[in-house]
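Reading through the structure tokens given below for one structure.
Chain letters run A, B, ... following the sequence lines, proteins first, then strands; residues in each count from 1. These figures come from a predicted structure and were not determined experimentally.
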Amino acid sequence: MNIFNLYKDHITGIVNNLVAAGTLPKGLDLSKVAAEPPRDFAHGDLATNVALVLSKPAGKNPRDLANLLLDPLKKLPGVTEVSIAGPGFINLRLAASTWADTLRHVLTIGTRFGDADVGQGAPINVEYVSANPTGPMHVGHARGAVVGDALAGLLAKAGFKVTKEYYINDAGGQVNSAARAVRMRYMQVLGRITEEDFQAALARKEVEYGGSYLIPIAETLAKRDGDKWASGDESAWLEPIKTFVVAEMMAMIKDDLAALGVQHDVFTSEKALLSAGKVDAAVKTLEDAGLMYTGVLEPPKGKTPDDWEARPQRLFKATEFGDEIDRPLQKSDGSWTYFAGDIAYHKDKMDRGFAQLVNVWGADHSGYVKRVKAAIKAFRSNAAELDVLLCQMVRVLNNGEPVKMSKRSGTFITMRDLIDEVGKDVVRFIMLTRKNDAPLDFDYAKVTEKTRDNPVFYVQYAHARGRSVFRHAKELWPDIDLSDVGLAQAKLDLLADPDEIGVLRTMAAWPRIVEQAALTHEPHRVAFYLGDLAAQFHALWNKGNDAAELRFLLADNQPVSLARLALVRGVGLVIASGLGVFGVEPVEEMR
RNA sequence: GCGCCCGUAGCUCAGCUGGAUUAGAGCACAUGCCUUCUAAGCAUGGGGUCGCAGGUUCGAGUCCUGCCGGGCGCGCCA
């Protein structure tokens, strides 16, 4: 139940009636008509821009149009007052029973409150994490993982049919490098070379990955296969070791993701796409469409390409679809570029029936967005809508001091480090307190502090306080039914304090937040909403300190107490509903 | 050089996909509030030419153009 949508429908109904009666012209575009909470509730409970939006097409000035709508609006159910303000806004005041009804509704459906149907069951694919299987995940991956997972949760709540997907880059040069590094570590494990030998090879750039995390993998390999791969040239051992490394890395990554509470529905392998011939097929589709040609690219500007060599290559006409330059799909050795594989991958997603795609990437991939969108557009017949969410850097701090990170020295912070340090729920919530395209500071001292400026604590504390009230209520009235069903029977019209009504108004906005955050792909809005709701609840709580008659529990007034318990429970349910979108557990009490 | 993202109070950031004479929070600063549901909190106050300059609009922090400043990226890496 979204009361704003409800009244928007009422309003468009009224307009349609006036059109039918000939008072207003036919063919008005009602898509921009909105019913929303006013900036200041002193103006009313709900405001609509209908007169402003329809003014021009209806050929009437906004205030005249508003006057036409005045009477029918007054007759709407639950409307107690209608006024015209400013340039032509119409403010509606709603009956007090509206808020009681909302609360009763929350108590009845629980954390399902906020579920919306804007998605209308449409399939949508959210691809996130997709970290290379060459090493452990770091904080940047954690942000992408949380943003993608929360967005998926949000879209599901808004009525989309969501598939959570991970693309395994197991076919390119990176995994070859990882396999070579593991092979060398394996030789070290077998005692054929020393750590010094390894470091020397690293310095000579004979191996790319120097991280010690590869040693246990080499040990496992040695345990499984003995010295089977110690002799022979690369052609003999590269493929089997690569397969082994990718499997080990993916197991580790899935383990880390599980620790973060992230679980993908589908893992798609780049290598599998290749061997199934899907890359060849995708490129052939482009060839057949006349979107490929052989050409020579200009050298890239701005940086000095010391090994630049102009050579003719097979190019995709990306510029026809909004990209800056045409893009090569084949390397000089004849193998496909990463982009070619990605084209096939996105085509595959579209072929699987997704008309809406979301990719969550690190901001360092920003230059890649246009070419993928171009590729998608090139498959005109079933081109999907792609939105790419670029996540900015996460700066890890400890009490304001930047934590130095360097892969070389091995002091970089892994995702697992973060989770072990502060817990998965804190990681998840904090990662959502900034919009994805803004840089984020993650201070692992501050995010566990119990202060106002720690948003996780603040929201959890509100929930815990609510539970605390119930513990007291049970002591006070052991025999009263304090279940949600029981509380829904309370005399909710006893909630009359302006701040109580204010909280109810905010609760009633939750379904609207879900819809908007889902449609704009902005899960961070949920975090800010929860902060607002928590703030109002804390304020209400403290009013009880200043004025005893405003306390939730009044020993001598059970009816009012029950109504307020219903309110407290409602706030708790909405917080739980919001945290549920993030995959965060609400806490019963603070310890 | 080009592309993408960002520029809002001393600091960190919101701003509901253009709306309503006073642009909002938090931190920091000042002052108040605990024999009473967790004061781990709340209330009040000062503080902003929304980077700059144009434009579109009945109406712009929000859209367009140019400039300034910061981040990221720019063939055969992924």
Side-chain angles (χ1 to χ4, degrees), chain A residues 32 34 36-40 43 47 49 52-53 55-56 61-62 85-89 91 130-132 134 169 171-175 177 270 296-303 305 307-311 313 315 323-325 327-328 330-335 337-339 341-342 362-370 388 390 392-393 433-435 437-439 441 449-455 457-458 461-462 464-466 468-473 476 509 512-513 516-517 519-520 522 524-525 528-529 531-532 535 538-546 548 551-554 564 568 589-590:
Chain A
K32 295 186 104 176
E36 47 194 21
R39 184 168 292 191
D40 185 348
H43 296 139
N49 61 356
L52 291 162
V53 172
S55 153
K56 193 172 280 179
N61 87 51
F89 277 96
N91 293 317
S130 299
N132 284 344
T134 55
N169 301 136
Q174 297 290 321
V175 280
S177 298
E270 181 185 8
V296 180
L297 287 175
E298 294 290 310
K301 302 269 166 58
K303 71 174 200 177
D307 60 343
W308 172 264
E309 198 184 327
R311 63 168 53 122
Q313 5 181 26
L315 300 173
D323 200 1
E324 274 88 48
I325 56 169
R327 304 289 177 177
Q330 237 172 347
K331 303 181 195 173
S332 46
D333 68 359
S335 66
T337 59
Y338 178 78
F339 182 44
D342 221 8
D364 54 342
H365 289 67
S366 62
Y368 196 70
V369 175
K370 276 192 180 178
V388 180
L390 297 172
Q392 284 291 338
M393 294 274 293
T433 54
R434 287 286 107 93
K435 50 189 170 203
D437 51 12
D441 283 352
E449 264 175 18
K450 292 165 175 173
T451 61
R452 172 70 178 93
D453 59 325
N454 176 3
F457 161 76
Y458 192 69
Y461 185 35
R465 273 182 151 178
S468 166
V469 176
F470 271 81
R471 288 191 289 272
H472 284 269
L476 200 54
R512 202 177 116 84
I513 299 291
Q516 294 186 331
L519 291 175
T520 54
E522 293 184 346
H524 74 278
R525 290 193 195 193
F528 285 94
Y529 169 77
D532 288 346
H538 287 304
L540 197 57
W541 177 290
N542 273 84
K543 269 191 111 181
N545 286 344
D546 299 336
R551 295 168 68 78
F552 298 132
L553 299 180
L554 305 173
R564 288 179 180 166
V568 171
E589 57 185 319
M590 307 305 295

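Nucleotide B:U35 holds its C1' atom 16 Å from the CG atom of A:D546, rounded to whole Å. Here the P atom of nucleotide B:A25 and the NE2 atom of A:H538 are 17 Å apart, to the nearest Å. Rounded to an integer number of Å, the gap from CG of A:L52 to P of B:G19 is 11 Å. As rounded to whole Å, 9 Å separates atom P of B:G19 from atom CG of A:N49.
Remark: ring of A:H43 stacked against base of B:A20; centroid gap under 5.5 Å, plane tilt under 30°.
Nearest to the side chain of A:Q174, among B:A14, B:C42, B:C77, sits B:C77. Looking at the side chain of A:Y458, the nearest of the listed nucleotides B:C42, B:C13, B:U17 is B:C42. Among the nucleotides B:A20, B:C37, B:G41, the one closest to any side-chain atom of A:P38 is B:A20. Checked against B:A40, B:C4, B:A14, the side chain of A:R434 finds its nearest nucleotide in B:A14. For A:K370, the listed nucleotide lying nearest its side chain is B:G3; candidates were B:G3, B:C5, B:C37. Distance from the side chain of A:D453 is smallest for B:C27 among the nucleotides B:G41, B:A78, B:C27. Counting only heavy atoms from C-beta on, A:R452 has its side chain closest to B:A25 among B:G73, B:A25, B:A20.
Taking the P atom of each, B:G26 and B:U21 are spaced 23 Å apart, rounded to whole Å. Spacing of C1' atoms, B:G24 relative to B:C50, comes out at 12 Å, to the nearest Å. Of the P atoms belonging to B:C11 and B:C52, the separation is 15 Å, rounded to the nearest Å. Taking the P atoms as reference points, B:G47 lies 15 Å from B:A9, given to the whole Å.
Note on A:K435: every side-chain N or O is 4.0 Å or more away from OP1 and OP2 of B:C5. Taking 4.0 angstrom as the limit, A:H365 places none of its side-chain polar atoms (N or O) nearer than this to OP1 or OP2 of B:C74. Under 4.0 angstrom from either OP1 or OP2 of B:A78 there lies at least one side-chain N or O belonging to A:K331. For B:C58, the OP1/OP2 oxygens have a side-chain nitrogen or oxygen of A:K56 closer than 4.0 Å.
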task: Go ahead and write out RNA chain B as dot-bracket, 5' to 3': ( ) for pairs within the strand, [ ] for ones crossing earlier pairs, | when the partner sits on another strand, dots for unpaired; Watson-Crick or G-U wobble, both distances under 3.5 Å.
output: (((((((..((((..........)))).(((((.......))))).....(((((.......))))))))))))....
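Contact annotation for A:L553: base contact, defined as any heavy-atom pair under 4.0 Å involving a base atom. Among the atoms of the strands shown, only primed sugar atoms or phosphate atoms (P, OP1, OP2) are found under 4.0 Å from some heavy atom of A:D437. Contacts of A:F457 with the nucleic acid, taken as non-hydrogen atoms under 4.0 Å apart, include base atoms. Among the atoms of the strands shown, only primed sugar atoms or phosphate atoms (P, OP1, OP2) are found under 4.0 Å from some heavy atom of A:A539. As judged by a 4.0 angstrom heavy-atom cut-off over every strand, A:A509 is placed among residues making no nucleic acid contact. No contact: A:P62 has no heavy atom under 4.0 Å from any strand. Residue contacts shown for A:R512 include a base, since a base heavy atom lies under 4.0 Å away. At a threshold of 4.0 angstrom between heavy atoms, the contacts of A:D532 with the nucleic acid are absent. At the heavy-atom level, A:T451 lies under 4.0 Å from the strands shown only through sugar-phosphate atoms.
Relative orientation of the A:F528 and A:H524 rings is perpendicular, given thresholds of 30° and 60° on the angle between their planes. Taking the six-membered ring where tryptophan is involved, the planes of A:Y338 and A:Y368 are tilted, since the angle between them lies from 30° to 60°.
Environment of CE in A:M590: crowded, with over 12 heavy atoms of neighbouring residues, nucleotides or ligands closer than 6.0 Å.
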message: Run A:K435 and A:E522 through salt bridge (charged side-chain N to carboxylate O under 4.0 Å, His left out) and show every step you take.
response: CA-CA 7 Å; A:K435 50 189 170 203; A:E522 293 184 346; over 6 Å; no
